[in-house]
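Written below as structure tokens is the structure these notes are about.
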Amino acid sequence: MKRFCDVIANHMATIVIIVAVLALLLPTTFSWCPTSWISPMLGLVMFGMGLTLDPYDFKIVFTRPKDILIGSLAQFTIMPFIAYILAKIFGLNDELTIGVILVGCCPGGTASNVITYLAKGDLALSVGMTTVSTVLAPLLTPLLTLALAGARVEVNAWGMFISIIEVVILPIAIGVILQHFWPKQTKQISSYLPAFSSTVIAIIVGSIVASNSSKLLESGLLIILIVILHNICGLTLGYSVGKLLGLELKKQIAISIEVGMQNSGLASSLANLHFALYPMATIPGAIFSVWHNLSGALVAKFYAHQIEK
């Protein structure tokens with residue numbers, strides 16, 4: 001069973017791509033999974049993240065405040081700004097604009113920690129950045145979305161705040177509490193969590209793609225191009241920030257990956273909950289979930305090679 005779970009976790013990018021293609025070409029295969037399930041499923045992923053956190057992950061925030069501050073500022077400035085610029089350059093409609101901006105305004109994704117580990121980057125910094133950006137998300141994600149998209153669509157910042165608390169913060173908090181009081185039991189299942197999270201994320205992607213398959217076939221290439229550019233710019237500028245500030249290479253790698261890889265599942269969840277009038281707003285998050293796992297695997301190999309030189 002453990003070996004099977006390892007195969008799933010190690011081939012997450014491939015699995016998500018296969019699911020996305022299947023959902024696009026045969027959308028009825030995901031008729032059993034309505035988009036209303038997205039938020040509860042994301043909550044399960046966040047709960048699993050909470051089970052893997054320990055006190056050291058929070059301690060780093062206080063022992064290395066400079067690194068965390070640099071990374072967090074990069075996280076919540078680079079990706080939102082790039083999202084806004086791309087939407088302007090490509091003249092996106094309201095649906096896609098809000099979807100791209102939501103991706104940019106979300107915190108770092110949980111997969112970034114795995115990719116940083118494979119890239120031989122500063123894993124402690126990566127985990128610390130993910131933790132801090134996730135804690136800041138209920139405040140910053142709604143405010144940034146309101147600032148960047150409020151002129152085009154109605155943004156319920158308070159509603160988004162509540163949703164992020166319910167979908168992200170509470171499940172993580174419950175996971176952390178269980179890990180604290182029952183460490184042995186949670187440790188026994190922790191090795192299975194990556195496979196579980198990968199499976200749930202793949203189902204989320206399948207549900208979103210299937211529900212928008214016809215529209216995605218019409219304008220999919222444009223969305224894919226924008227998602228790729230968004231991700232590559234985030235990876236590149238995140239690395240550049242660390243380099244310009246004279247940080248060591250492992251820290252540059254951690255910031256690059258943390259900035260470039262977003263919690264795109266949260267973006268899709270927020271789009272589904274708060275922008276129901278714009279169904280295509282869920283698509284950029286779904287495509288980002290597919291792409292950033294593929295690009296993450298590629299940059300991990302590149303960065304690991306740089307470390308080994």
Side-chain angles (χ1 to χ4, degrees), residues 1 3-49 93 95-96 98-100 102-103 106 109-111 114 163 167 171 192-228 230-231 261-297:
M1 184 64 178
R3 185 175 297 178
F4 176 70
C5 288
D6 288 341
V7 170
I8 293 176
N10 294 334
H11 295 84
M12 178 181 176
T14 303
I15 293 170
V16 173
I17 290 172
I18 292 172
V19 168
V21 172
L22 179 64
L24 180 66
L25 300 179
L26 296 170
T28 55
T29 56
F30 282 87
S31 58
W32 57 272
C33 184
T35 54
S36 59
W37 289 12
I38 293 173
S39 294
M41 287 192 293
L42 181 61
L44 286 175
V45 175
M46 295 296 100
F47 171 71
M49 176 184 174
N93 59 31
E95 286 190 87
L96 294 180
I98 188 61
V100 172
L102 278 172
V103 171
C106 279
T110 55
V114 177
S163 294
V167 176
Y192 301 99
L193 290 175
F196 173 77
S197 297
S198 299
T199 302
V200 174
I201 289 171
I203 293 172
I204 290 174
V205 170
S207 174
I208 294 169
V209 172
S211 63
N212 294 278
S213 58
S214 59
K215 291 185 178 179
L216 189 55
L217 286 170
E218 295 175 9
S219 57
L221 289 178
L222 175 61
I223 302 172
I224 292 171
L225 172 63
I226 291 171
V227 165
I228 291 174
H230 196 186
N231 174 241
M261 298 186 70
Q262 299 291 84
N263 189 338
S264 46
L266 176 59
S268 292
S269 175
L270 291 174
N272 186 59
L273 287 172
H274 298 284
F275 300 95
L277 295 177
Y278 308 96
M280 285 289 284
T282 59
I283 286 295
I287 300 300
F288 203 99
S289 294
V290 177
W291 169 254
H292 81 169
N293 284 291
L294 179 59
S295 68

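Residue numbers count from 1 along this sequence. For the numbers below, each heavy atom of this structure counts, side chains included, while hydrogens, waters and symmetry mates do not.
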[atom1] of [X] to [atom2] of [Y]: how many Å apart, nearest 0.5 Å?
X	Y	atom1	atom2	answer
S163	L273	OG	CG	5.0 Å
S269	M41	OG	CE	9.5 Å
L42	S264	CG	OG	9.5 Å
M49	S197	CE	OG	10.0 Å
L294	I228	CG	CD1	8.5 Å
I204	S289	CD1	OG	7.5 Å

Report yes if the side chains of [X] and [Y] come closer than 4.5 Å at any heavy-atom pair, otherwise no.
X	Y	result
V100	I226	yes
L225	L221	no
N263	M46	yes
F196	L44	yes
W291	I17	no
L102	F275	yes

So which atom in [X] and which in [Y] form the shortest heavy-atom distance, rounded to 0.1 Å?
X	Y	result
V167	S39	CG1-O, 3.7 Å
H292	M261	O-CE, 3.5 Å
A23	G206	CB-O, 3.3 Å

Quick one: do I203 and V19 satisfy side-chain contact (heavy atoms from CB on, under 4.5 Å)? Show the steps, please. CA-CA 8 Å; I203 293 172; V19 168; over 6 Å; no
Side-chain donor-acceptor pairs of residues 280-288 under 3.5 Å, sequence neighbours excluded:
unit_1 : atom_1 : unit_2 : atom_2 : d
T282   : OG1    : N212   : ND2    : 3.4
T282   : OG1    : P279   : O      : 3.0

S211 and T35: side-chain donor and acceptor closer than 3.5 Å? no
Decide side-chain contact (heavy atoms from CB on, under 4.5 Å) for W37 and N272; before the verdict, give the C-alpha distance in whole Å, the side-chain angles of both, and the deciding distance to 0.1 Å. CA-CA 10 Å; W37 289 12; N272 186 59; over 6 Å; no
Could you tell me whether the side chain of Q262 and the main chain of V103 form a donor-acceptor pair under 3.5 Å? yes
